[in-house]
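Note: hydrogens, waters and symmetry copies are ignored here, and every other heavy atom, side chains too, is used.
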Amino acid sequence: MTIGLSTVVYGIGSRKDIAKNLEIIEDGIHAAMSVVSINMPVKMIALAEGAMTGFTDEAFDVPHTIAAKELFIEIPGEETDRLAKLASHYETYIVAQCKARWPEVMKNRFFNTLFVIDPKGKVAHKVAKNHIFCRERSCTPHDVYDRWVEIFGDGIDAFYPVLKTEDIGNIGTICCSDGEYPEAVRALAFNGAEVVYRPSEAIPLTNSGYPGGGTWMIQNQAHAHFNSLYMVCPNVGPVFLHPGMRHPFDVAGGHSHIIDYMGTVVSYSPSGYNTAVAATIDIEALRQFRVRNLNSNWIKDLRTEIFRKMYDQPIHPKNLWMKKNPEKHEKVDQYYRDNIRRLIERGTFTAPAHEFPGCSYKSASTDPEQDKWENIKQLWDDDPEC
């Protein structure tokens, strides 16, 4: 039995503020376990992206090195230790996400990090998110590609490793934007993944169409079906961006779900407000399906040679942040525009008949002084709970 937990989140102004979110997570785990474990022993609990920190760095365009120093964590560390106690107490795996510093890779950088704590309380798996959306300033392995390869190698397992357990199967982890790329889950599948954790997605991708789940759910159903694996997809709850907000903004819109290896939704919740999805993950059934079926376990007859040349030409430049610090939203937009221009020049995209301005970053503030982090973080100064 697996639980995907959705919790209300308070955006952090410093690392110490994470404690407030951990209290909510702990309460949520206790509550979910008290109900779900009556049905079957729970062996995995998955948290949403942002559950520990919110999205302060993204929402306020905080300079990367400042966010790395003031907002984020090390793994393992005191925050993961609190989760480790729960994993040990309930004898379950806890799968989670938090932006974290990796000083062994590069100083003054943070990575959007996925990690698994085993039932003994040990961090058994840690990997960095490889694709970020255009308003996320996390560093990725591709942004420091040469350094990452120097440490971890250039194989698929350097970027998409899988935790192979003796008791609950093989767990792969991606996060949000990673799942917009079919290659991400396919890479995990090639490395043996049987269950893939993909937390959180925002509107409008989660609430387009009816009855709910939007293109986020479509993607996850496709990942599960094409790769014959389970998808566990908890979504973040409503978010208080800063302590001055009287009401949280439901940036994700709920729609957590768990999907089986045929692409069938086996658990779904329209709400993300301190709630959960839960379903049985049948690893033996999956393994029997993969090895006995000659029709719909698609990886078995993939004609790999005919696809190899697709990726000879790069699209998004590697090593962007090897020599310089990650830049802010407005400047990074230009990298994405350059990618589009390259695709038009190659003939991948066809230019439209009429040219109009594209998306661009607009700060919520009209005063440049208010956009500075030293002024933004004053929003937390008057909060008695921070």
Side-chain angles (χ1 to χ4, degrees), residues 5-28 31 47-64 66-73 79 96-99 110 112 132-138 175-177 199-207 212 214 216 234-256 269-276 328-330 361-386:
L5 194 68
S6 296
T7 52
V8 173
V9 172
Y10 290 84
I12 64 170
S14 64
R15 183 177 174 180
K16 65 181 177 61
D17 299 337
I18 297 174
K20 189 173 184 177
N21 290 317
L22 284 170
E23 290 174 2
I24 298 172
I25 292 168
E26 289 169 350
D27 287 343
L47 309 183
E49 181 190 24
M52 293 173 66
T53 63
F55 307 96
T56 302
D57 58 308
E58 299 173 28
F60 295 104
D61 200 10
V62 182
H64 182 96
I66 292 176
K69 179 180 179 181
E70 298 187 16
L71 299 180
F72 299 128
I73 70 172
E79 295 84 4
Q97 172 276 344
C98 193
K99 291 171 182 175
F110 69 84
N112 194 330
I132 55 175
F133 92 121
C134 59
R135 292 294 175 262
E136 183 179 343
R137 291 285 69 79
S138 304
C175 185
C176 190
S177 301
S200 297
E201 186 60 88
I203 58 173
L205 299 180
T206 59
N207 60 11
W216 184 45
N235 212 355
V236 68
V239 178
F240 290 89
L241 281 176
H242 59 82
M245 289 181 68
R246 294 183 60 190
H247 305 285
F249 181 70
D250 194 1
V251 65
H255 307 299
S256 296
S269 174
S271 171
Y273 200 106
N274 290 339
T275 189
K328 300 186 75 174
H329 293 334
E330 187 174 3
Y361 176 69
K362 298 288 185 184
S363 170
S365 172
T366 57
D367 182 356
E369 286 298 311
Q370 292 181 356
D371 280 336
K372 295 181 178 179
W373 175 239
E374 57 264 30
N375 294 323
I376 293 170
K377 66 181 178 180
Q378 293 176 16
L379 291 166
W380 282 262
D381 289 347
D382 297 328
D383 183 5
E385 297 187 43
C386 290

Verdict with supporting geometry, T56 and W380, side chain to side chain contact (heavy atoms under 4.5 Å, CB included) | CA-CA 11 Å; T56 302; W380 282 262; 3.9 Å; yes
Inter-residue atom distance N21.CG - M52.CE, 0.5 Å rounding = 8.5 Å
Minimum heavy-atom distance C175-P199, with the two atoms named | CA-CD, 3.8 Å
Search all heavy atoms of R137 against all heavy atoms of C134 and return the closest pair with its distance.
-> NH1-O, 3.4 Å
If we only count heavy atoms from C-beta on, is the E79 to R15 side-chain gap below 4.5 Å?
-> yes
Could you tell me whether a side-chain N or O of T7 sits under 3.5 Å from a main-chain N or O of A51, the two making a donor and an acceptor?
-> no
Kindly indicate, with the supporting measurements, whether the criterion side chain to side chain contact (heavy atoms under 4.5 Å, CB included) is fulfilled by K99 and S138.
-> CA-CA 8 Å; K99 291 171 182 175; S138 304; 3.5 Å; yes
N235 (side chain) donor-acceptor with E201 (main chain) under 3.5 angstrom | yes
Could you grab the distance from atom CG of N207 to atom NE2 of H255, nearest 0.5 Å is fine?
-> 5.5 Å
Mind checking whether R135 and F55 have side chains closer than 4.5 Å, heavy atoms only?
-> no
Going from NZ on K372 to CG on D367, what distance comes out if it is rounded to the nearest 0.5 angstrom?
-> 9.0 Å
Verify whether one side chain among S200 and E49 offers a donor that lies under 3.5 Å from an acceptor in the other.
-> no
Hey, does V62 have a side-chain heavy atom less than 4.5 Å from the side chain of I376?
-> no
Keeping to residues at least two apart or across chains, list the side chain to side chain donor-acceptor pair (under 3.5 Å) pairs with something in residues 238-250.
-> none
Indicate yes or no: at least one non-hydrogen side-chain atom of C98 is less than 4.5 angstrom from one of T53.
-> yes
How far does CZ of F60 sit from CG of L379, to the nearest 0.5 angstrom?
-> 6.0 Å
If we only count heavy atoms from C-beta on, is the L47 to Q97 side-chain gap below 4.5 Å?
-> no
Check the angle between the aromatic planes of H64 and F110 and answer parallel, tilted or perpendicular using the 30° and 60° thresholds.
-> parallel
Taking the side chain as every heavy atom from C-beta outward, state whether W373 and E70 have any pair of such atoms under 4.5 Å apart.
-> yes
Can you tell me if D61 uses its side chain to pair, donor with acceptor, with the backbone of K328 under 3.5 Å?
-> no
Could you tell me the separation between the CG atom of D17 and the CG atom of L22, rounded to the nearest 0.5 Å?
-> 11.5 Å
Using a cut-off of 6.0 Å, state whether more than 12 heavy atoms not belonging to Y361 lie near its atom OH.
-> yes
Side-chain heavy atoms of N375 within contact of Q370, under 4.5 Å | no
Grab the two heavy atoms, one from P238 and one from G272, that are nearest each other, plus how far apart they are.
-> CD-O, 3.9 Å
Between CG on residue L5 and OG1 on residue T275, distance to nearest 0.5 Å | 8.5 Å
Specify whether Y10 and F240 have parallel, tilted or perpendicular ring planes, treating 30° as the upper limit for parallel and 60° as the lower limit for perpendicular.
-> parallel
For the pair S365 (side chain) and D371 (backbone), establish whether a donor and an acceptor sit closer than 3.5 Å, ignoring hydrogens and angles.
-> no
Compare every heavy atom of G50 with every heavy atom of V9, then report the nearest pair and how far apart it is.
-> CG1-O, 3.3 Å
